[in-house]
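Following: one structure in structure tokens, then a few remarks.
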Amino acid sequence: MPEAISTLGVLPPAGPSCVHLPLEVTPQELARYAVGLANARGGTVLVGADLAALEKAPERDASGLHPLMVTHAIFELSGGRLSVNVQHHRLPNGARVLAVFVPQAPYVLAAPDGAVIAWDGLHLVPVSPAFSEVSADQDFTAVVPPDASLADLDPAEVARLRSLGRRTEAASLPDLDFLRELGLLQPSGGALRPTLAAILLAGTPAALKAHVPQSEVCYYHHASPDIEFHFREDLLRPIPALLTRLAELIQARNRFTPVQVGLFRIEVWDQDEAVYREALLNALTHRDYTLRDVVHVHHYPDRLEIMNPGGLTGGITPGNILRHQPKRRNPLLAEVLARLGLVERAGVGIDKMFSLMLRHGKEPPEFLNYPDAMTLSLHSPGFDAEFVRFVARKQEEMQTLSLDMLIVLSLLAREGEATRPHLARALQLPEDRTPRLLRSMEGHGLIRKAGVGRGIAYQLSDEVQGALGRSTQAIRPTPPQTLPASPVSEPPHESAKQAPPVKPQRPRRTADPHAPSAAEVRAIALALAREQGRVRNRDLRGTCGLNTQQAWKILRRLVLDGHLRKSGNGTRDAAYELTAGPAE
């Protein structure tokens, strides 16, 4: 077994931050003390410390306790939420002690049976509710590992941090003062030691592996939408270096399409760098570092999926993420990244992602939240070039198109029309907060109302639809017509001197004579739902030669008539299944 010499010069005495255990301790008992120490202030668990008093090597020492046995026992007891560093330390007399370096837990750790204990300096004692409440608010990235030292920081990565923060006042300070000013170094045990945030931002490979191996990011490239990948790279690097390498991997497989707007050219990439950098930063800044899982980045031809440990925090959900006050799971790490200019203090990163994707004619980011994980999908199956041109021209004319306006325009461009409740859900606003926005957009000639009473919906205006190259939906009445004059020469009766006008007839749209009728399309939709179990917008488009809006109207009518029921949102994700009742 290879030796791992501890950085401790002298074995610390037993006390509030150090637990001495005898050689007879089992890995399971040792795990209880490690969890109890983590629930207090963190520190070191030593097995066989009393051997240091012997002049000669004893017959037995702590070498029989394998670090993997101890790590596994602690993993099982803490549910995988406590990461420790286990090393053998050789004493001058040749005996070995086992040292377990335990960080302070960011919140109270409970055993599988619900028991919660902490080390009070002498014994393991039950944790009181008041103690639990205080510990729950602690920042895991602000923890100072007891065995961490300045040697755990890479000078080249510190220089990279300095270059990122060159606009800050701290950038002109010497390295140690620069790191202290950022809050990355703290006095601990009589020495200046790095916090976990410092190791995440500028740690050496060995320090990352020892203290936060879960900070790894796994990148997968998929040549097709299948789950099978043909390339993988595992990255255990400081966060700035991670961002640089991930950008290289994504850009190497990225494509762009030029869109000409007057004299200017807009490059629309499959994955916009500003969007995916913001998404990656969010994942690395707000993930739960107490979990042993790593971040996974799956790069498909039609989307980029970023899966990070730890669900959304503080009441944030996919349905309110645009409006909810930002919540930081790792305050120190987030604050340092904000001071370096990598993330926004105001929490506008999500807004920026939405705005950029909508301006480029794409669907907004999609969030899927789970209790212990979150997935962000950036879809790029294609984009609406005419929408990109329209937004660019309108931006010059109106000086600004707000994110809320972009959300409404993008939704109506994709789905044809939407009711106020539907728009409110897309805007993540209460329904009574939308009228002012919608009236403003009507006043600017961007949208119009359609229908009456409770059936009112909103559509793109004729001007916008024309700019997007789509046929307008407005039906304009023809001038009033009168009955033709009677061929009879005798004068008409007094009561019939003036013929009543004929009710104007709505003009019919010209249609492809070979295209299926509306009734036939309805029957096809029901047949597809019956045969496949469900039908999607794209199924009708491919089968009947319809556009997105026409297919959506047919499916919506079948839902309103009770023949189909809808699941999912948006044109891409919505699916329609037969209802329980018989369909005609």
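Since the model is a prediction, treat every value here as computed from it, not as a measurement. Each residue takes its place number in the sequence, starting with 1.
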What pairs with [X] under ring-ring contact (aromatic ring centres under 6.0 Å, His included), at least two apart in sequence or on another chain?
X    : answer
H211 : none
H360 : none
H298 : Y220, H222
H123 : none

By side-chain contact (heavy atoms from CB on, under 4.5 Å) - contacts of P301 (at least two apart)
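So P301 forms no side-chain contact (heavy atoms from CB on, under 4.5 Å) with any residue.
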What residues, two or more places apart in sequence or in another chain, satisfy side-chain contact (heavy atoms from CB on, under 4.5 Å) together with S83?
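P213, Q214, R292.
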T290 vs D288, test: side-chain hydrogen bond (donor to acceptor under 3.5 Å, both in side chains). Steps then yes/no.
CA-CA 5 Å; T290 67; D288 188 346; 2.5 Å; yes
In the structure I gave you, are the side-chain heavy atoms of [X] and [Y] within less than 4.5 Å of one another anywhere?
X    : Y    : answer
L153 : L179 : yes
I117 : V125 : no
N39  : W119 : no
R339 : E181 : yes
I407 : P364 : no
L411 : H422 : yes

More than 12 heavy atoms of other residues, nucleotides or ligands under 6.0 Å from CD1 of I227: yes or no?
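Counting other residues, nucleotides and ligands, CD1 of I227 stays at 12 neighbours or fewer.
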Y300 atom OH, over 12 foreign heavy atoms within 6.0 Å:
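Yes, OH of Y300 has more than 12 neighbouring heavy atoms, counting only those of other groups under 6.0 Å.
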Hey, is [X] close enough to [Y] for a salt bridge, meaning N to O under 4.0 Å?
X    : Y    : answer
R433 : E431 : no
E335 : R328 : yes
D234 : K209 : no

Is [X] close enough and on-axis enough to [Y], meaning under 6.0 Å and within 45°, for cation-pi?
X    : Y    : value
R329 : F140 : no
R287 : Y289 : yes
R162 : F178 : yes

If only atom types and distance count, is the side chain of [X] paired as donor or acceptor with the main-chain N or O of [Y] below 3.5 Å?
X    : Y    : answer
Q104 : A40  : yes
S355 : K352 : no
R323 : L427 : yes
D270 : H379 : no

For D120, what residues pass the salt bridge (Lys or Arg N to Asp or Glu O under 4.0 Å) criterion, not counting sequence neighbours?
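For D120, no residue satisfies salt bridge (Lys or Arg N to Asp or Glu O under 4.0 Å) once neighbours in sequence are set aside.
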Any residue meeting salt bridge (Lys or Arg N to Asp or Glu O under 4.0 Å) with E76, in chain and number order, not counting sequence neighbours
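If we apply the salt bridge (Lys or Arg N to Asp or Glu O under 4.0 Å) test to E76, skipping adjacent residues, there are no hits.
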Any idea which heavy atoms bring [X] and [Y] closest together, and the distance?
X    : Y    : value
L208 : I199 : CD2-O, 3.3 Å
R253 : H221 : CD-CD2, 3.0 Å
A171 : G165 : CB-O, 3.2 Å
L82  : A34  : CD2-O, 4.0 Å

What residues, two or more places apart in sequence or in another chain, satisfy side chain to side chain donor-acceptor pair (under 3.5 Å) together with N308?
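For N308 there are no side chain to side chain donor-acceptor pair (under 3.5 Å) partners, ignoring immediate neighbours.
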Does T317 have any side chain to side chain donor-acceptor pair (under 3.5 Å) partners at least two apart in sequence or in another chain, and if so, which?
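N320.
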side-chain hydrogen bond (donor to acceptor under 3.5 Å, both in side chains) contacts in which one or both residues fall within residues 236-249, not counting sequence neighbours:
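Listed by first then second residue: E233-R245, R245-E248.
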Check residues 11-24 and write down every donor-acceptor pair under 3.5 Å in which the side-chain atom is one partner and the other belongs to a residue at least two apart or another chain.
residue: H20; atom: NE2; partner: P12; partner atom: O; Å: 2.9

